[in-house]
Amino acid sequence: MRELAYYEAKLEALSEIMAADDRVHLIGGSFLSLSPRRMLFKKIEEMYRDRVISPPISELGFCGLAVGAAMTGLRPVVDLSTGSFIYEAWPQIVNEAANAFYMSGGRTRAPVVFHLLHGIRGAGAAQHSHSPQAMLWNSPGLEIVLPSSPRDVRGLLKTAVSTDNPTIFVDHIQLFETRGPVPESDDPIPFGRADIKRKGNDVTVVATSYMVQRCLKVAERLGVEGVAVEVVDPRTLVPLDFTTILSSIEKTRRVVIVDETHRSCGVAAELAARILEERFDKLKAPIRRVATLDVPIPYSPPLEDFVSPSESRIIEAIQSVLR
Amino acid sequence: MRELAYYEAKLEALSEIMAADDRVHLIGGSFLSLSPRRMLFKKIEEMYRDRVISPPISELGFCGLAVGAAMTGLRPVVDLSTGSFIYEAWPQIVNEAANAFYMSGGRTRAPVVFHLLHGIRGAGAAQHSHSPQAMLWNSPGLEIVLPSSPRDVRGLLKTAVSTDNPTIFVDHIQLFETRGPVPESDDPIPFGRADIKRKGNDVTVVATSYMVQRCLKVAERLGVEGVAVEVVDPRTLVPLDFTTILSSIEKTRRVVIVDETHRSCGVAAELAARILEERFDKLKAPIRRVATLDVPIPYSPPLEDFVSPSESRIIEAIQSVLR
Amino acid sequence: MLPKLPRETLLDFCRRMLLIRRFEEALVGLHDAGHFSGHYHVYIGQEATGVAGLSCLESGDYLFTTHRNHGHLLARGADPRRLLAEILGRRDGYNKGKGGTFHVAAPELGFVHTSGIVGGIIPLAAGAAYAAKAQDSRRIAVCLFGDGALEEGAAAEAFNIASLWKLPVLFLCENNGKYGAGRSVGAAPSLTMAVHPLIDLPRAYKISAQQIDGIDSGAVHQAIFDAVATIRQGDGPRFIEAQTVRWPGSETNWPVVPAPTEVAMAWEVGSVPTAARDWYRISDPLLLFIRDLVEARQTTREEISELDRNVRGIIDDAARFALSSPFPEPETALEDIFA
Amino acid sequence: MLPKLPRETLLDFCRRMLLIRRFEEALVGLHDAGHFSGHYHVYIGQEATGVAGLSCLESGDYLFTTHRNHGHLLARGADPRRLLAEILGRRDGYNKGKGGTFHVAAPELGFVHTSGIVGGIIPLAAGAAYAAKAQDSRRIAVCLFGDGALEEGAAAEAFNIASLWKLPVLFLCENNGKYGAGRSVGAAPSLTMAVHPLIDLPRAYKISAQQIDGIDSGAVHQAIFDAVATIRQGDGPRFIEAQTVRWPGSETNWPVVPAPTEVAMAWEVGSVPTAARDWYRISDPLLLFIRDLVEARQTTREEISELDRNVRGIIDDAARFALSSPFPEPETALEDIFA
Ligand SMILES: Cc1ncc(C[n+]2csc(CCOP(=O)(O)OP(=O)(O)O)c2C)c(N)n1
Ligand SMILES: Cc1ncc(C[n+]2csc(CCOP(=O)(O)OP(=O)(O)O)c2C)c(N)n1
Ligand SMILES: [Mg+2]
Ligand SMILES: [Mg+2]
């Protein structure tokens with residue numbers, strides 16, 4: 001099967017989406033943000049001048065505009081670039097887009113996609129390193145997507161644009177150079193289907209976004225030492241495929257959750273709470289969460305590494321649940 | 001000891017705070033929001049004309065203004081009235097106020113208080129019934145306070161104004177008519193001290209804000225049936241007094257968490273995950289969360305009641321952990 | 001001044017304005033009788049904008065409105081029975097009781113989304129205009145909001161984008177003079193808005209803007225008719241500030257009816273409590289319109305009274321309908337979260 | 001035009017401008033050599049505003065700045081060693097390496113809080129002004145931001161409040177002509193801002209506003225000196241737009257130095273690549289200032305070269321200091337969350 005880099009698969013999806021449906025407009029033109037590959041997006045921009053538009057620095061305004069356009073027939077994909085900037089648009093996303101279908105009694109749809117790059121990008125410091133997906137999961141009415149591989153980013157982006165709901169597409173710039181198989185003619189990946197990224201019988205590691213790749217590395221290393229780690233990637237938080245997670249746990253009966261949102265009220269907290277509601281008696285050890293520490297993200301590299309869900313913290317957690 | 005209504009204790013605290021420290025400015029003048037008691041605030045407004053100011057409908061602007069004033073010597077208390085409106089000011093609160101002390105390496109302090117009324121107020125519908133405290137707990141750098149009694153609102157409000165950190169004072173309009181003992185000369189209540197609102201040996205109910213009062217009612221009823229419910233009120237989420245919660249659990253070994261934030265990544269999720277990390281083996285039953293269902297808040301009364309952490313849902317949860 | 005329109009149209013305007021007035025007066029009664037409890041706002045005093053103004057739209061146009069939406073919906077032909085049922089949280093409401101007074105949406109009438117967040121709809125309306133333009137349709141978007149919404153940064157951001165991209169949107173600001181929801185009196189220049197006149201703000205963004213007397217149905221009709229024409233032509237956004245005097249019953253946080261409107265007050269307001277008398281005599285767009293109609297011999301006092309009886313009947317029927325509509329099943333709260 | 005100030009002061013301005021220029025040029029080198037990795041922005045091309053403009057402030061005044069803050073700090077006397085250490089994430093940085101290039105704060109110099117969020121500081125600066133007024137101090141607040149910040153609703157909201165409450169704040173907009181951070185070229189009228197000239201926005205809010213040539217130290221000094229005086233007097237906020245031409249090295253997402261500045265280029269820019277030549281010849285506030293100084297016989301080429309050697313020495317020393325400053329202990333990440 002052909003192999004692509006993550007950024008290539010993402011661009012391919014964007015071009016195919018633009019070609020397939022002229023209701024799709026791209027609002028904000030830096031889907032590759034500051035990555036060295038960013039110039040490659042220009043091709044799409046030039047090919048669809050009338051459907052790629054670069055707005056003012058007015059996140060609240062252009063996110064609201066996208067929601068309104070989605071309510072009236074378009075399928076806008078908004079690029080917020082750095083995930084932290086979604087906070088500028090918070091009222092339009094959590095209080096307009098998320099509520100529109102419900103408040104109208106199911107009569108108004110807002111098929112908009114908000115694309116953002118979350119997490120620790122490297123020296124982003126406290127104001128440019130956010131992972132807003134936990135807050136967004138606490139806001140009913142939004143679909144939340146977290147790709148972690150070239151195949152997933154392509155298949156999930158296509159589905160994101162096709163659903164009739166507001167969707168937050170939470171990407172991570174550290175994934176862009178990851179290579180992996182992507183079939184030429186690949187179907188969109190339906191939401192609510194977790195993916196077992198690696199099979200193993202000793203411990204279940206539930207990981208999201210860039211943390212999936214980090215956990216796969218760790219699993220590789222522990223594999224050598226004879227520890228069989230199963231890496232489960234939910235791929236979408238809303239909707240959540242809990243069945244796949246539970247059946248993996250049935251097998252391993254030991255769980256570590258690795259996610260980049262801050263620890264308190266983070267994604268790992270929700271997954272842990274749900275797992276324990278369902279399989280309390282089945283577990284051989286308390287669930288361990290490896291999340292970003294409850295600290296604003298510091299600028300200096302060694303500090304940044306210290307607060308993030310690093311390989312060493314992941315390994316320590318896995319070993320502790322195996323004891 | 002003298003008894004006061006909650007709104008009286010709150011107003012008394014506000015007047016005492018204004019009298020004691022002229023660095024305190026009140027920005028936004030509806031600390032009693034739409035309650036029938038709201039006119040009582042006028043007294044304070046008239047007494048301190050130069051320190052009570054009513055801003056434009058510009059939450060982002062006046063919350064930012066309060067943060068800047070706090071950085072430069074004042075101790076502003078901002079009233080956002082309906083909790084949902086804090087989303088308009090999200091960037092200033094989670095990305096400026098919360099980060100200021102940390103980013104400056106501990107050199108800039110922002111002793112500002114954001115006051116809001118969270119939760120289901122009755123027919124507030126999807127856009128006026130939010131409980132933002134879970135999202136805020138996921139944002140390090142903010143102190144989060146949740147009073148639930150006349151004595152607490154008075155003592156906690158005083159501490160909120162006195163700490164050097166940005167503090168979110170999360171109040172609930174349904175508490176205003178609650179009556180309770182409030183000593184004439186009561187000390188401020190330090191943050192990070194949970195309060196056992198009711199003693200009992202059979203089950204620990206950890207509840208916050210208005211849910212504390214609701215759980216006390218339930219405990220009353222179950223008491224008659226011979227079930228001894230212990231109601232633990234953390235009072236502040238940040239800082240959190242986890243010791244008191246754990247020692248109650250040591251005793252009862254059964255836990256129900258009742259909180260009004262939405263279920264996914266809500267306050268109850270975090271408390272459940274933490275408890276299980278610490279006392280996994282001690283528990284006789286899985287922890288039950290009673291939270292607001294993951295649904296935008298509907299307008300119609302029966303629907304609103306259905307999604308909220310109602311008495312019937314609380315009772316059902318308590319009985320299930322006792323089985 | 002009366003709109004230069006055929007008699008039938010003028011009488012239809014009169015009927016719609018009366019319908020709004022009677023609906024809102026009845027609503028206050030239903031609230032005070034405990035049939036619904038939440039915070040709500042009525043449209044009394046702004047009927048000229050809703051009726052004469054919105055009559056200039058085509059059926060395909062989009063409307064975005066606010067917490068003060070009842071009159072806009074009725075002006076566009078909403079069914080008073082379903083509107084009232086929604087406000088009472090009943091199953092037969094426009095939104096099955098899920099939206100309520102702040103959030104009535106009726107896409108078939110163009111009301112895509114109604115927000116209770118001040119300023120919330122301004123970017124949304126720009127978005128609908130963006131979609132209309134992208135689809136080369138002749139549709140335009142109308143954004144109805146109060147003067148207070150201009151204090152929100154969302155308004156400034158949306159004005160900028162609408163102007164830059166020449167979007168077919170009418171920003172229709174209903175300045176009811178004094179602020180709502182218990183805010184300090186906004187004498188002009190207001191205590192909460194430094195921009196004065198308000199049209200200086202859209203003008204800074206190169207949006208052509210105009211101030212009109214929102215009490216005068218004729219002035220409203222003419223201005224909005226012209227604005228809609230230029231917008232539909234592709235000339236970009238327009239801003240209109242329709243100035244009205246706040247109805248005394250809306251000065252408090254919860255509406256109170258100082259005196260139920262009598263069509264006879266068009267000639268003699270004697271019965272009205274002095275406090276409110278001036279408003280009904282000189283600031284009420286409905287009574288002014290009736291007075292003009294009669295003086296212009298377009299109708300008679302009798303015809304008006306007949307019309308009023310008729311409208312009261314419709315409202316009584318709507319009330320019966322809404323009150324007898326069942327509450328939705330609690331479990332339906334779990335429906336309509338995702339499409 | 002040279003500011004009407006004593007020779008010593010003018011030479012001091014020259015030294016500070018050179019210090020900024022050399023600091024930023026060295027910084028690009030340190031970045032490209034891999035000594036720090038994150039996104040960053042340099043102040044080259046705006047030195048006149050930083051130096052001549054901020055020289056009009058008193059020591060107690062508050063300053064709020066942005067992602068482009070280095071020059072502002074150096075202009076106000078920040079220690080290049082600690083500033084550089086901060087940008088390299090070292091222990092001896094102004095903020096122990098926690099803030100970095102976007103967030104350098106130095107309260108002792110008036111820099112309370114530096115935000116990388118476009119528009120973020122505008123309400124904060126209004127707040128500092130509110131505090132100063134409440135405390136009856138003679139302090140004022142200065143808010144330094146780029147032209148792009150006017151696109152954020154936060155700016156409009158803050159202008160409104162500052163105007164209504166007559167707050168002692170100077171909104172100093174540094175319009176470097178073309179937009180930063182990889183945004184489309186903002187020819188005037190810009191592709192992303194409908195308000196043109198930009199001063200129409202603050203003026204709509206009744207804030208007296210003025211456009212100046214940000215390349216001309218004399219013009220900058222005079223305008224800001226006068227503005228600061230009226231603000232301190234209690235006349236309320238002022239807005240100044242200082243227009244500069246974007247330094248070619250800042251047109252890309254990451255700064256590149258097209259040609260290291262040579263003071264001799266004040267007379268002869270021959271060595272400079274053609275692309276950038278025009279900028280150094282007619283748009284560089286530093287070289288322009290030097291040329292004026294020499295032509296006005298306030299100094300000599302020799303004295304300038306001497307000054308430059310001197311400044312380079314300071315920068316070399318700062319680099320040595322910063323590079324030898326240790327990284328903070330990882331555990332210190334857990335400190336300074338709460339006061
Ligand atoms: C973002 C936000 N802030 C505050 C409120 C509370 N609120 C509801 S109506 C209102 C006054 C709005 O005034 P205006 O826009 O002039 O509308 P009017 O009620 O006068 O028709 C306010 C402040 C809100 N709904 N949303
Ligand atoms: C809220 C927000 N949106 C977007 C960005 C990304 N960004 C960083 S600098 C910049 C351009 C700012 O232009 P301007 O204000 O003119 O400052 P300049 O870089 O030109 O000095 C942008 C869009 C940001 N930092 N914050
Ligand atoms: Mg109004
Ligand atoms: Mg700029």
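Computed from a predicted structure; not experimentally measured. Every chain is numbered from 1, with letters handed out A, B, ... down the list of sequences.
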Looking at every heavy atom in both Ile297(B) and Tyr102(A), which two are closest together, and how far apart are they?
C-CE2, 4.3 Å
Quick check for you: among [options], which has the greatest number of heavy-atom pairs under 4.5 Å with chain A?
options	result
Glu88(B), Met103(B), Glu278(B), Gln127(B)	Gln127(B)
Ala272(B), Ala134(B), Ser84(B)	Ala134(B)
Ala273(B), Ala268(B), Gly266(B), Ser264(B)	Ser264(B)

Can you tell me if CZ on Arg193(B) sees more than 12 non-hydrogen neighbours from other groups inside 6.0 Å?
no
At a heavy-atom separation under 4.5 Å, does Ala285(A) approach chain B through its side chain, its backbone, both, or neither?
backbone
With a 4.5 angstrom heavy-atom cut-off, which part of [X] approaches chain A: side chain, backbone, both or neither?
X	value
Pro298(B)	both
Arg274(B)	both
Ala126(B)	both
Ala98(B)	backbone

Taking side chain as C-beta onward, heavy atoms only, is [X] less than 4.5 Å from [Y]?
X	Y	value
His130(B)	Asn95(A)	yes
Trp90(B)	Met135(A)	yes
Ile287(B)	Phe280(A)	no
Pro296(B)	Asn99(A)	yes

The salt bridge (charged side-chain N to carboxylate O under 4.0 Å, His left out) partners of Arg289(A) (sequence neighbours excluded) come to Glu270(B), Glu277(B)
First locate atom [atom1] of [X], then atom [atom2] of [Y], and finally report the distance between them rounded to the nearest 0.5 Å.
X	Y	atom1	atom2	answer
Leu276(A)	Leu283(B)	CG	CG	9.5 Å
Leu136(A)	Cys265(B)	CG	SG	9.5 Å
Asn138(B)	Asp294(A)	CG	CG	7.5 Å

Shorter than 4.5 Å, heavy atoms on both sides: which option in Gln92(A), Glu96(A), Arg288(A) has the most such pairs with chain B?
Glu96(A)
